Amino acid sequence: MARHKKTFTVGWLYHDLMNIYGDRGNILSLLKRAEWRGYDARLIELGRGTTKRMDEVDVFFFGGGQDREQALVYEDLLEHKQPLLERAVQAGASVLAVCGGYQLLGHYYQTAEGERFPGIGLIDVKTEAGKKRFIGDVVVDIGHELHLTPTTLVGFENHSGRTFLGPKAKPIGVVRLGFGNNGSDGTEGCLQGGVVGTYLHGSLLPKNPHLADHLIRAALRRRGVDELLPLDDSVELSAHERILERAQRRPPSRALNEKPPRSTAAGQ
Ligand code: GLN
């Protein structure tokens with residue numbers, strides 16, 4: 001009698017609109033790393049208007065998108081996805097949100113023209129775009145919230161948004177190279193509950209397998225899984241190393257002395 005394979009489900013929010021700078025690679029990385037551990041890895045695409053099977057999802061992925069795409073998805077996020085996403089995170093699901101997706105999980109994203117897209121406030125951050133776009137390689141020294149090895153994340157950023165964290169959100173770490181959240185306080189990303197927000201495209205997870213496993217492990221904890229079978233990540237980590245070496249040859253990014261928006265206390 002065939003042994004019933006455990007399932008592992010990835011939910012891809014707005015797969016058709018919020019997917020730039022290689023974001024799709026994060027989906028492949030999550031599915032493959034679960035498959036290599038013997039899980040029946042499945043993908044659910046969660047475009048506008050559907051919330052089908054959101055309660056089955058272990059890890060949600062929300063990719064990046066230009067202002068135009070964010071304008072097309074934020075209402076659906078508020079009207080259809082918010083309650084189920086909140087419930088799923090409370091029930092132990094993980095979320096990885098990159099750039100435009102990261103911004104819309106916060107309180108709001110305001111474009112450089114001043115148009116404001118309300119977010120769902122799942123994470124205590126707010127974002128206001130500035131004139132200068134932050135573009136280039138990023139190296140992050142991971143803070144003590146995440147006990148990961150290597151203690152760095154590498155990726156690529158391209159955004160006009162400046163994100164500021166409120167008291168409930170913690171940064172992933174500090175930038176060694178790049179602008180990160182806002183180009184002024186040196187932080188990158190956000191950790192709150194099961195949500196990981198970041199500006200790192202590239203795609204992120206193939207070059208940072210330790211973060212991929214953190215998301216998978218966190219989601220499987222509710223099934224009593226504490227450890228994942230180790231994988232041979234030599235290829236992934238040599239790509240990681242390559243970016244670190246390249247970064248060392250770069251002059252450090254110059255922080256901009258821009259004023260943060262008025263207090264980031266929730267929703268004001
Ligand atoms: N439109 C947003 C910004 O410019 C997000 C861009 C992105 O996802 N790369 O900041």
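All ligand and atom numbering here is 1-based and tracks the order in the structure. From a predicted model like this one, the values you see are computed outputs, not experimental measurements.
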Residue and atom name of the nearest protein heavy atom (relative to [atom]), distance in Å to one decimal:
| atom | answer |
| --- | --- |
| atom 7 (C) of ligand 1 | Cys99 SG, 2.9 Å |
| atom 4 (O) of ligand 1 | Ser160 OG, 2.9 Å |
| atom 5 (C) of ligand 1 | Gly65 O, 3.3 Å |

Open item on the list: Residue-level breakdown please: for Asn158 versus ligand 1, do any non-hydrogen atoms fall below 4.0 Å on the side chain, on the backbone, on both, or on neither?
Closed with: backbone
Task: Region of Met18 engaging ligand 1 - heavy atom pairs below 4.0 Å - done: neither
Task: Cation over ring face, Lys6 and Tyr39, 6.0 Å, 45° - done: yes
- [ ] Sort out for me which residue in Val140, Val154, Leu153, Leu244 forms a side chain to side chain contact (heavy atoms under 4.5 Å, CB included) with Arg176.
- [x] Leu244
Open item on the list: Heavy-atom contact check, 4.0 Å cutoff: does Glu69 meet ligand 1?
Closed with: no
What orientation do [X] and [Y] show, parallel under 30°, tilted 30 to 60°, or perpendicular over 60°?
| X | Y | value |
| --- | --- | --- |
| Phe117 | Tyr109 | tilted |
| His201 | Phe156 | tilted |
| Phe61 | Trp12 | tilted |

Looking only at distances, can you tell me whether any N or O atom of [X], backbone or side chain, sits closer than 3.5 Å to an N or O atom of ligand 1?
| X | value |
| --- | --- |
| His159 | no |
| Gly100 | yes |
| Gly161 | yes |
| Tyr21 | no |
| Tyr199 | no |

Open item on the list: As a test of understanding, state which of Thr187, Thr163, Thr127 forms a side chain to side chain donor-acceptor pair (under 3.5 Å) with Asn181.
Closed with: Thr187
Task: Among Phe179, Tyr21, Tyr102, the one residue meeting ring pair (Phe, Tyr, Trp, His ring centres under 6.0 Å) with Tyr199 - done: Tyr102
TODO: Could I get the full list of ring-ring contact (aromatic ring centres under 6.0 Å, His included) partners for His15, not counting sequence neighbours?
DONE: none
